[in-house]
Amino acid sequence: ITATDGELSVVTTGFATQYVATLGETMSAGTAVYMKSDGKVWKAKADAVATMPCCGFITTGGDADGTSALVQTAVMASVLGGGALTVGGKCFVSAATAGQITQTAPSGASNVIQPVGIMATAANLLVNIGEAVVRPAA
């Protein structure tokens, strides 16, 4: 993944894990997604257990009911992130914006904390989906 102004783009080669997923909504390449009970992937968002855990990133954008490769272990360019992402920094699913990542772990009560990788370079995310942990309610 390459980061430019906080947005990551997908490198189309070198994926270690790939799965073709059906999109539940319109999304851009590099969106962090979770799998819903309908078998489709939707934008992951760490402010609710219902929209987690993240199961990977889609490699191509598309409309609802379209398909995209889903990667779980890879070096990706163009993941969606809010703001600058620092080399060596751990990335988490954002609680503020669906489908995006951040380098600040969600801190609110009942938010879900899930690491999804580390910025290997200023432009590339080393995807490594971690376990999701729910913060206790206030």
Side-chain angles (χ1 to χ4, degrees):
I1 297 174
T2 300
T4 304
D5 296 326
E7 290 194 11
L8 303 174
S9 58
V10 178
V11 174
T12 57
T13 60
F15 298 123
T17 305
Q18 246 187 99
Y19 171 78
V20 176
T22 301
L23 307 179
E25 60 188 312
T26 300
M27 292 183 255
S28 301
T31 299
V33 297
Y34 76 99
M35 187 166 292
K36 199 170 180 178
S37 60
D38 62 4
K40 298 176 183 178
V41 294
W42 298 75
K43 294 176 185 174
K45 192 165 182 242
D47 68 340
V49 173
T51 56
M52 291 289 286
C54 175
C55 63
F57 295 86
I58 59 169
T59 61
T60 55
D63 294 326
D65 295 320
T67 59
S68 175
L70 174 74
V71 296
Q72 298 170 312
T73 306
V75 173
M76 287 187 67
S78 292
V79 292
L80 302 178
L85 299 170
T86 304
V87 174
K90 186 182 281 189
C91 295
F92 302 87
V93 175
S94 173
T97 307
Q100 290 195 1
I101 63 170
T102 179
Q103 287 185 315
T104 303
S107 59
S110 300
N111 281 346
V112 180
I113 303 167
Q114 184 180 23
V116 292
I118 295 173
M119 291 305 295
T121 69
N124 294 298
L125 174 70
L126 175 57
V127 177
N128 186 11
I129 306 295
E131 185 175 350
V133 177
V134 180
R135 292 185 62 84

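Along the sequence shown, the residues carry numbers beginning at 1.
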**Asked** Heavy-atom distance under 4.5 Å between the side chains of Ile113 and Phe92, does that happen here?
**Response** yes

**Asked** For the hydrophobic clusters of this structure (ILVMFWY residues joined by side-chain heavy atoms under 4.5 Å, transitively), does one cluster hold both Tyr19 and Val33?
**Response** yes

**Asked** With a 4.0 Å cut-off, would you call Lys45 and Asp47 a salt bridge?
**Response** yes

**Fill in**
Here the pair of heavy atoms bringing Pro115 nearest to Lys90 is CB-CD, 3.9 Å

**Item:** Side chain Ser68, main chain Thr59, donor-acceptor under 3.5 Å
**Value:** yes

**Item:** Backbone of Lys43 reached by a side-chain donor or acceptor of Glu25 within 3.5 Å
**Value:** yes

**Complete:** For Pro53 and Ala132, the nearest pair of non-hydrogen atoms, with its separation, is CB-CB, 3.7 Å

**Request:** Could you tell me whether a side-chain N or O of Thr31 sits under 3.5 Å from a main-chain N or O of Ile58, the two making a donor and an acceptor?
**Result:** no

**Prompt:** What's the spacing between Gln103 CD and Leu85 CG if we round to 0.5 Å?
**Reply:** 5.0 Å

**Flag side-chain contact, heavy atom, 4.5 Å: Leu23 against Val41** = yes

**Complete:** In terms of heavy-atom contacts, Phe57 and Gly30 come closest through CD2-O, 3.4 Å

**Fill in**
Only residue of Val112, Ile129, Ile101 satisfying side-chain contact (heavy atoms from CB on, under 4.5 Å) with Cys54 is Ile129

**Fill in**
Tightest non-hydrogen contact, residues Thr67 and Thr60, listed as O-OG1, 4.0 Å

**Asked** Just by distance, with hydrogens left out, do Ser94 and Thr102 show a side-chain donor and acceptor under 3.5 Å apart?
**Response** no

**Prompt:** Is there side-chain contact between Thr86 and Met119, with heavy atoms separated by less than 4.5 Å?
**Reply:** no

**Request:** Could you state whether Val127 and Val87 fall into the same hydrophobic cluster, counting links through intermediate Ile, Leu, Val, Met, Phe, Trp or Tyr residues with side-chain heavy atoms under 4.5 angstrom apart?
**Result:** no

**Asked** Are Gln114 and Tyr34 side-chain neighbours, meaning at least one heavy-atom pair lies under 4.5 Å?
**Response** no

